[in-house]
Amino acid sequence: MSEEKPQDINQVMKARLEKLAQITEKNVNPFTYNYDREHFASDILEQFDQYENKEVSVAGRIMALRRMGKAAFAHIMDSSARIQIYVRLDDVGEAEYEIFKLLDIGDIIGVKGPVLKTHAGEITIKVTQLELLTKNLRPLPIVKEKEEEGKKVTYDAFSDTESRYRQRYVDLIVNREVNTVFMKRAKVISAMRQYLDDKGFLEVETPVLQPIYGGATARPFTTHHNALDMKLYMRIADELYLKRLIVGGYDGVYEISKDFRNEGIDRTHNPEFTMMELYVAYKDYYYMMDLVEDMVTSIAKNVLGTMKITYQGQEIDLTPPWKRVSLYDAIKEYTGMDLYGKSLEELKAAAKQLNVETEDFWGGGKILDEIFSEKVEEHLVQPTFIIDYPVELSPLAKKHRKDPRLVERFEPFIAGREIGNSFSELNDPLDQRERFERQMALKEAGDEEAQILDEDFLRALEYGMPPTAGLGMGVDRLVMLLTDSPSIRDVIFFPTMRPEN
RNA sequence: GAGGGUGUAGCUCAGCCGGUAGAGCAGCGGCCUUUUAAGCCGUUGGUCGUGGGUUCGAUUCCCGCCACCCUCACCA
């Protein structure tokens with residue numbers, strides 16, 4: 001990558017280096033220190049009447065260049081938009097025009113001059129002063145656009161996914177929509193933070209490096225601390241530490257941060273991903289359902305200004321209230337089978353009848369979960385809370401107040417996809433210890449994702465944790481939904497990839 | 001991890017049944033002081049992902065490897 005050998009430098013780069021030398025010879029610094037830009041392209045374009053004939057100064061990257069001998073048109077792009085500039089020998093003078101002739105697409109320049117409209121009607125800065133700020137040495141993909149019968153036609157789009165992800169900086173320069181997605185991502189996170197702060201919850205930070213991992217069923221990344229000579233895990237969830245803070249007396253804490261899971265990569269999974277976890281004392285999962293509805297709709301309003309979104313062609317209405325259906329009722333609705341209270345053998349038979357494959361060592365909860373994900377999940381396009389899961393699937397959730405075989409847990413589904421997980425938190429340390437022990441038994445039996453007994457977490461619970469509602473939400477998936485992105489890699493700047501060579 | 005697909009110039013692509021490569025844009029040279037996929041004339045550029053094999057000869061056929069994409073499995 002950066003260690004390219006001289007013979008790898010193509011002739012375009014050679015030509016640019018040659019120009020760079022010529023610019024330097026003319027005593028012009030091709031990599032300047034600053035520029036007093038006073039305007040953004042978008043402001044000029046949007047409020048042309050206020051800017052017409054007024055002097056502006058704008059800085060940006062040359063994205064298109066049409067030379068005509070002693071004059072030229074170019075488009076420069078700043079963080080806000082692209083705007084046309086008109087550079088004329090008579091306007092900028094001999095010396096500056098000589099420099100201008102050495103510029104290329106990709107160079108970053110600052111221009112000053114009055115704003116006008118060309119004969120063709122395009123808002124344009126008529127340049128009187130032009131300064132090279134940064135010379136480009138590597139050719140940029142040239143994307144051209146044309147209006148045809150009102151439609152925008154794009155030529156030679158920079159579309160190779162691999163290059164786009166590896167060289168996201170180029171993707172961002174050349175593909176404007178990409179930038180829009182990431183702007184929305186930033187807004188989603190800030191709207192979320194705003195919402196949680198307004199509720200009075202405290203944003204906290206807990207360890208990423210953990211001696212014992214927990215809080216989710218997943219395989220961890222391991223690492224090693226040299227000075228302590230100890231094995232450490234990258235966290236798979238924040239849960240156990242945040243609950244310790246509830247024990248410590250906080251009423252509500254949340255954390256927005258990266259979790260790491262050592263599992264497969266696909267359209268909806270990246271090894272590191274952004275998670276929001278929230279724990280609120282004295283509340284239960286009903287409270288949390290209301291909060292999720294309210295928070296997601298508030299974010300949508302804030303970022304998109306609407307409750308009605310389209311995801312991959314599906315019309316989705318986020319307007320509350322969202323449907324609330326028990327896991328068993330949902331299965332019944334889509335398979336016609338009532339599986340509540342069924343024995344393991346009966347569940348296995350049901351799965352077989354539904355053509356859902358199971359493994360011999362699976363328990364009833366796992367079979368139910370499998371039937372649900374194969375037969376129900378995809379149908380949950382409109383926002384739906386699936387509530388009340390079998391106890392064995394949720395070792396950290398509190399037993400249902402009306403049915404000890406269930407836990408008070410829900411997962412919100414939108415567009416057939418799980419976007420979060422929440423429960424009334426288990427705060428009975430004796431029950432928690434038993435659940436951990438059952439997990440450890442699974443681990444012994446070879447279940448790599450079974451959870452590990454955390455003695456310190458149990459100690460914390462023994463001091464007493466108030467009734468608490470907890471929530472985890474996949475931020476990347478929420479962003480995918482709100483930006484109509486088909487792949488998680490489209491909402492992560494630098495998705496995990498194998499190295500280039 | 002399994003199956004399928006893709007990999008040719010800086011970008012986007014063409015290259016039929018094997019004869020060592022083409023286009024547009026970008027680049028370079030020339031003309032051009034309101035163009036907008038600017039235009040016109042000329043021109044450079046490729047160890048055809050990589051390593052083997054078959055063949056007189058491979059971008060093209062076969063095999064291994066690498067990367068990416070899709071589907072499935074695991075999961076959020």
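The figures that follow rest on heavy atoms only: side chains count, while hydrogens, waters and symmetry mates do not. Quick note on labels: first sequence line is chain A, next is B, and so on, each numbered from 1.
Between the CD atom of Glu378(A) and the P atom of rU71(B) there is a distance of 14 Å, rounded to whole Å. Between Leu140(A) atom CG and rG27(B) atom C1' the separation is 14 Å, expressed in whole Å. Atom CZ of Arg498(A) and atom C1' of rC65(B) are 12 Å apart (whole Å). When the P atom of rC69(B) is taken as reference, atom OH of Tyr165(A) falls 6 Å away, rounded to whole Å. The CD1 atom of Ile105(A) sits 14 Å away from the C1' atom of rU35(B) (whole-angstrom rounding). Protein atom CZ of Arg67(A) is 18 Å distant from nucleotide atom P of rU35(B), rounded to whole Å. Remark: P of rC28(B) and CE of Met13(A) are 14 Å apart, rounded to the nearest angstrom. Regarding Glu377(A), its CD atom lies at a distance of 12 Å from the P atom of rC74(B), rounded to whole Å.
Nearest to the side-chain atoms of Ala15(A) among the listed nucleotides rC28(B), rG10(B), rU12(B) stands rC28(B). Across rC69(B), rU36(B), rU12(B), the shortest atom-to-atom separation from the side chain of Phe158(A) is found for rU12(B). Comparing rA38(B), rU44(B), rC68(B) by their closest approach to the side chain of Arg66(A) singles out rA38(B). For Glu370(A), whose side chain is taken as the heavy atoms from C-beta onward, the closest listed nucleotide among rC74(B), rG27(B), rU12(B) is rC74(B). The nucleotide whose nearest atom lies closest to any side-chain atom of Ile142(A) is, among rU33(B), rA26(B), rU12(B), rA26(B). Each of rA26(B), rU44(B), rA67(B) was ranked by its minimum atom distance to the side chain of Gln11(A); first place goes to rU44(B).
Aromatic ring centres of Phe201(A) and Tyr254(A) lie farther apart than the 6.0 Å criterion allows. Aromatic ring centroids of Phe413(A) and Phe372(A) lie under 6.0 Å apart.
Judged by distance alone, the side chains of Arg235(A) and Tyr241(A) never bring a donor and an acceptor atom under 3.5 Å apart. In this model, no donor atom of one side chain and acceptor atom of the other lie less than 3.5 Å apart for Thr161(A) and Arg489(A). Asp266(A) and Thr268(A) share a side-chain donor-acceptor pair at under 3.5 Å.
Across rA14(B) and rU8(B), the matching P atoms stand 10 Å from one another, rounded to whole Å. rA21(B) and rG49(B): their P atoms are spaced 14 Å apart (whole Å).
As judged by a 4.0 angstrom heavy-atom cut-off over every strand, Ser487(A) is placed among residues making no nucleic acid contact. If you check every strand for non-hydrogen atoms under 4.0 Å, Ala120(A) touches a base. Gln84(A) comes within 4.0 angstrom of a nucleotide base, judged by non-hydrogen atoms across all strands. Counting non-hydrogen atoms under 4.0 angstrom, Arg166(A) reaches the backbone sugars and phosphates but no base. The residue Lys70(A) sits close to a base: some heavy atom pair falls under 4.0 Å. Contact annotation for Lys366(A): backbone-only contact, meaning every heavy-atom pair under 4.0 Å involves sugar-phosphate atoms and none involves a base. At the heavy-atom level, Thr154(A) lies nowhere under 4.0 Å from the strands shown. Nucleic acid contact class of Lys19(A) (heavy atoms, under 4.0 Å, all strands): sugar-phosphate only. Counting any heavy atom pair closer than 4.0 Å across all strands shown, Thr161(A) reaches sugar-phosphate atoms only and no base atom.
Shown for residues 85-97 of chain A: residues whose heavy atoms fall under 4.0 angstrom of RNA chain B, namely Tyr86(A), Arg88(A), Asp90(A).
Taking 3.5 Å as the limit, the base of rU35(B) and the side chain of Glu122(A) contain no donor-acceptor pair of atoms between them. In this model, a side-chain donor or acceptor of Thr118(A) finds a partner on the base of rU35(B) within 3.5 Å. Side-chain to base pairing of Asp266(A) with rC72(B): no donor and acceptor N or O lie closer than 3.5 Å to each other.
With a cut-off of 3.5 Å on both Watson-Crick or G-U wobble distances, the partner of rG39(B) is given as rC31(B). Under the Watson-Crick or G-U wobble criterion, with both distances below 3.5 Å, rA9(B) has no partner in any strand shown. Pair check for rG51(B) finds rC63(B); Watson-Crick or G-U wobble, both atom distances under 3.5 Å.
The residues Lys135(A) and Asp104(A) are annotated as salt-bridged, a charged nitrogen and a carboxylate oxygen being separated by less than 4.0 angstrom.
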